[in-house]
A.B. asks: 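Quick one: the structure is below, questions incoming.
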Amino acid sequence: MASQDKIRNIAIIAHVDHGKTTLVDELLKQGGIYRENQATQDRVMDSGDLERERGITILAKNTSVRYKDYKINIVDTPGHADFGGEVERILKMVNGVILLVDAAEGPMPQTRFVLQKALELGHKVIVAVNKIDKPDARIEEVMDEVLELLLDLDATDDQFNSPTVFCSGRQGTAAYGPDEQGKDLTPLFETIINYIDAPSGDEEGPLQLLVSSIDYNEYVGRIAVGRVERGTIKVNQEVTICDFHDPELKQKGKVVALYEYDGLGKKPIQEAKAGEIVALSGMADITIGRTLCAPEAVEALPFVKISDPTIEMTFAVNDSPFAGKEGKFVTSRNLRDRLEKELLKDVSLHVTEQGTDAFNVAGRGEMHLSILMETMRREGFEFSVSTPRVLTREIDGKICEPIERMVADVPEECMGSVIEKIGRRKGDLLSMTPMGSRYRLEFMVPSRGLFGYRSEFLTDTRGEGIMSSVLADYAPMKGEIERRQVGSLIAHESGEACAYGLGAAQERGSLFIGAGTPVYAGMVVGICSRNEDMNVNVCKKKQLTNMRASGSDEAIRLTPPRIFSLEQCLEFLADDELLECTPKSLRIRKRELDHAARMRALMKKRAQEEGK
């Protein structure tokens, strides 16, 4: 075991895609984790399939590297605001942070969010300007932006004078100055050891350990991860579990197995002293925020309450005519068990039952929930989900909704359409900064105004725009926001779509399906170009008679169907529609499949509106 003054605990925080995981790769390589001839993988910390496919980090992960005789525990954190719950609690485990900033993009909303949390806890900050080898790097301006951000967030003098290191994560180099040519990451390692404090804690006192993260394993159940704040933890030790926010809680537990992080794996150990980050198993219902104490000195450690979720969706059993054909797990019992299992790992998720077959699942953002849905699909689950809804709060007698700070980086010629669209969605423009031939626009927009906006934004900016948002505050409701400008094309009858029927339907809008796709009455088969729903018969076959007419034998040319991803499907959903998720397909359908019943409901609604 390393002695306390030879340990450094740090977290790497940054906006999405600024290079955290790639930098950790290089730290691991240069920290001597791999054998010389060992085959290595890029972005080794992104171990999940979804993480590797999307190129994003979803779960915060621990690792450790050795430098000289020091042990550096590193936590790689997610950059998306939707997974901010991961970042908030991880910061309790560490003594300092490396703030990674892209040399071209500069500080972004999530950079602000995670840095604010770190400064509130009084952590020391090392600023690392990454990707300095990019052709469009603007190092001097980005440095000024970081200092402005630190001023803005009321950093102390010590934090304001944080050391800066200039890195290229991909090349594995770091230097003390922007014009110096780095050879390896030694300057970064040296800065960590000299600037970040060693953990402080009385090794001789009674045990205190705060659980900051949860890992889950099919064989040993829940694994608690945390830093030993005081004393020594040993295998088979009896402990008392308590909670800062619930003084009544006092449970007995036993440490069955104890591990320390060693490179990419865990290594079993017999004991760990104050300052070490350890993982331990043996307590079935341990959860984040609990403190493990010695039975003779029960003192709970304060813990940041995880921020509440901002949006919710209803997950329900799939009741469409195609239910049970593609999925392995289709019943409400399967769905309940799977959501309860997810709650063991994810603290920012809330699940409440709605009747027997439906569950309201609340999370930190559309992406947070869509990652869960995609994971469940891949495991063989079949279910339906509703449109996302924002969770409101009552503040001073007024109903308030979440407001997000959105930053868009757009080409100059697309600026007008972005400002106009956000205006329609009740957003306010805060600032407009030129950056070469592009502009950075900052808005405050209601969360529900951003539902379904991302694909529209990419169209408006011809795929060149970058947008990101993070929860800023709650404000009184801003009135009605129009969700979408187009209607749906709905299948009139069940059967198999044929080219003849699709040829007629494609004149009404763009289709989601090709010939030969099985459909059912009430299934959405395309986008209607008008702002209304339209029934189309895509199963209509050509009448084979002996009558001939000029023009009736022309070849039908079908335009290729639009295939939506899971996120695009959620963005497209209207309030009276559901998304059917199965392992093989994503289908959008009307809640009410019967055409006559839908028309009756529409007439009733119109009559009520006219009566008002």
A.B. asks: Nearest 0.5 Å, please: how far is CD in Glu229 from OG1 in Thr291?
C.D. replies: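 So the OG1 of Thr291 and the CD of Glu229 are separated by 8.5 Å.
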A.B. asks: Leu441 vs Val407, test: side chain to side chain contact (heavy atoms under 4.5 Å, CB included). Steps then yes/no.
C.D. replies: CA-CA 6 Å; Leu441 309 172; Val407 170; over 6 Å; no
A.B. asks: Quick one: does any side-chain atom of Ser162 pair with a main-chain N or O of Val125 as donor and acceptor, under 3.5 Å?
C.D. replies: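 At least one qualifying donor-acceptor pair exists.
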A.B. asks: Donor-acceptor pair, Glu401 side chain versus Lys478 backbone, under 3.5 Å?
C.D. replies: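 Yes, because the side chain of Glu401 sits within donor-acceptor range (under 3.5 Å) of the backbone of Lys478.
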A.B. asks: For a 4.5 angstrom cut-off between non-hydrogen side-chain atoms, does Thr433 reach Glu442?
C.D. replies: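 No - every pair of side-chain heavy atoms lies 4.5 Å or more apart.
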A.B. asks: Does Gln568 reach the main-chain N or O of Ser565 with its side chain, forming a donor-acceptor pair under 3.5 Å?
C.D. replies: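 Present.
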A.B. asks: Is there a donor-acceptor pair closer than 3.5 Å between any side-chain N or O of Gln159 and the backbone N or O of Thr156?
C.D. replies: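 Yes: the side chain of Gln159 pairs with the backbone of Thr156.
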A.B. asks: About how many Å separate CG of Leu586 and CD1 of Ile563, when rounded to the nearest 0.5 Å?
C.D. replies: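 So the CD1 of Ile563 and the CG of Leu586 are separated by 10.0 Å.
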A.B. asks: Measuring from atom CG of Leu280 to atom CG of Leu209, what distance do you get when rounded to the nearest 0.5 angstrom?
C.D. replies: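 The CG atom of Leu209 is 6.0 Å from CG of Leu280, to the nearest 0.5 Å.
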A.B. asks: What pair of heavy atoms forms the shortest contact from Ser370 to Leu566, and how long is it?
C.D. replies: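 Answer, listing the atom of Ser370 first, then Leu566: O-CD2, 3.4 Å.
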A.B. asks: Mind checking whether Lys71 and Glu260 have side chains closer than 4.5 Å, heavy atoms only?
C.D. replies: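 Lys71 reaches Glu260 side chain to side chain.
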A.B. asks: Which residue pairs pass the side chain to side chain donor-acceptor pair (under 3.5 Å) test when at least one of the two sits in residues 409-420, sequence neighbours left out?
C.D. replies: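 Listed by first then second residue: Asp409-Arg438, Glu420-Arg424.
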A.B. asks: On a heavy-atom basis, which atom in Ala174 and which in Leu185 lie closest, and how many Å separate them?
C.D. replies: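 Nearest pair, atom of Ala174 first, then Leu185: CB-CD2, 3.8 Å.
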A.B. asks: Go through the steps for Asp102 and Asn130 under the test side chain to side chain contact (heavy atoms under 4.5 Å, CB included), then give the verdict.
C.D. replies: CA-CA 5 Å; Asp102 186 306; Asn130 195 23; over 6 Å; no
A.B. asks: So does Tyr474 get a backbone contact from the side chain of Arg393, meaning a donor-acceptor N/O pair under 3.5 Å?
C.D. replies: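 Looks like no, no N/O pair under 3.5 Å.
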A.B. asks: Under 4.5 Å between any side-chain heavy atoms of Val361 and His350, yes or no?
C.D. replies: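 No; the side chains remain at least 4.5 Å from each other.
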A.B. asks: Is there side-chain contact between Asn73 and Glu276, with at least one heavy-atom pair below 4.5 Å?
C.D. replies: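 In contact.
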A.B. asks: Taking side chain as C-beta onward, heavy atoms only, is Val127 less than 4.5 Å from Val165?
C.D. replies: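 No. Closest side-chain heavy atoms not under 4.5 Å.
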A.B. asks: For the side chain of Asn9 and the backbone of Gly275, is there at least one donor-acceptor N/O pair under 3.5 Å apart?
C.D. replies: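 Checking the backbone N and O of Gly275 against the side chain of Asn9, a donor-acceptor pair under 3.5 Å is found.
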A.B. asks: Could you state the interatomic distance from OG (Ser447) to CD1 (Ile311), rounded to the nearest 0.5 Å?
C.D. replies: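 Reported value, rounded in 0.5 Å steps: 8.5 Å.
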A.B. asks: Name the residue from Arg227, His123, Arg8 that meets the side-chain hydrogen bond (donor to acceptor under 3.5 Å, both in side chains) definition with Asn95.
C.D. replies: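 Answer to the side-chain hydrogen bond (donor to acceptor under 3.5 Å, both in side chains) test with Asn95 among Arg227, His123, Arg8: Arg227.
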A.B. asks: Both conditions, 6.0 Å and 45 degrees, for the charged tip of Lys421 above the ring of Phe457: are they met here?
C.D. replies: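 Negative - Lys421 is either too far from the ring of Phe457 or too far off its axis.
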A.B. asks: Search all heavy atoms of Gly96 against all heavy atoms of Ile196 and return the closest pair with its distance.
C.D. replies: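 Nearest heavy atoms, Gly96 then Ile196: CA-CD1, 3.8 Å.
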A.B. asks: How close do Pro476 and Cys400 get, heavy atom to heavy atom, and via which atoms?
C.D. replies: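 Heavy atoms only, the tightest pair is N-SG, 3.8 Å.
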A.B. asks: Between atom NZ of Lys267 and atom OH of Tyr259, what is the distance when rounded to the nearest 0.5 Å?
C.D. replies: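 Here the rounded value is 14.0 Å.
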A.B. asks: Who are the salt bridge (charged side-chain N to carboxylate O under 4.0 Å, His left out) partners of Asp144, not counting sequence neighbours?
C.D. replies: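 Here no residue qualifies.
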A.B. asks: Is there a side-chain contact between Val445 and Arg405 (heavy atoms, below 4.5 Å)?
C.D. replies: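 Heavy-atom side-chain distance check fails, nothing below 4.5 Å.
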A.B. asks: Go through the steps for Glu145 and Arg138 under the test side chain to side chain contact (heavy atoms under 4.5 Å, CB included), then give the verdict.
C.D. replies: CA-CA 11 Å; Glu145 286 171 19; Arg138 18 175 227 112; 3.1 Å; yes
A.B. asks: Considering all heavy atoms of both residues, which atom of Ala103 and which atom of Val129 are nearest to each other, and what is their separation?
C.D. replies: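 The pair with the smallest heavy-atom distance is CB-CG1, 3.8 Å.
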A.B. asks: Rounded to the nearest 0.5 Å, how far apart are CD1 of Ile98 and CD1 of Ile10?
C.D. replies: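 Here the rounded value is 3.5 Å.
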A.B. asks: Without swapping roles, check the side chain of Asp152 against the backbone of Glu148 for a donor-acceptor pair under 3.5 Å.
C.D. replies: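 The answer is no, because no donor-acceptor pair under 3.5 Å joins these two groups.
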A.B. asks: Side chains of Tyr70 and Ile192: closer than 4.5 Å at any heavy-atom pair?
C.D. replies: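 A side-chain contact is absent here, since even the closest heavy-atom pair is not under 4.5 Å.
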A.B. asks: Show the nearest heavy-atom pair for residues Cys569 and Phe564, with the distance to one decimal.
C.D. replies: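 Smallest interatomic distance, heavy atoms only, reads SG-CB, 3.6 Å.
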A.B. asks: Assign the ring pair Phe189 / Tyr67 to parallel, tilted or perpendicular, where the plane angle (0 to 90°) is split at 30° and 60°.
C.D. replies: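 Answer is parallel, since the angle falls under 30°.
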A.B. asks: Would you mind checking if Arg448 and Glu404 are paired as a salt bridge, meaning a charged N to carboxylate O distance below 4.0 Å?
C.D. replies: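 No, no charged N to carboxylate O under 4.0 Å.
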A.B. asks: Where do Ile422 and Tyr453 land on the side chain to side chain contact (heavy atoms under 4.5 Å, CB included) test, with the steps shown first?
C.D. replies: CA-CA 9 Å; Ile422 291 290; Tyr453 177 62; 3.7 Å; yes
A.B. asks: Answer yes or no: is there a side-chain heavy-atom contact under 4.5 Å between Arg462 and Cys414?
C.D. replies: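 Yes, at least one pair of side-chain atoms sits under 4.5 Å.
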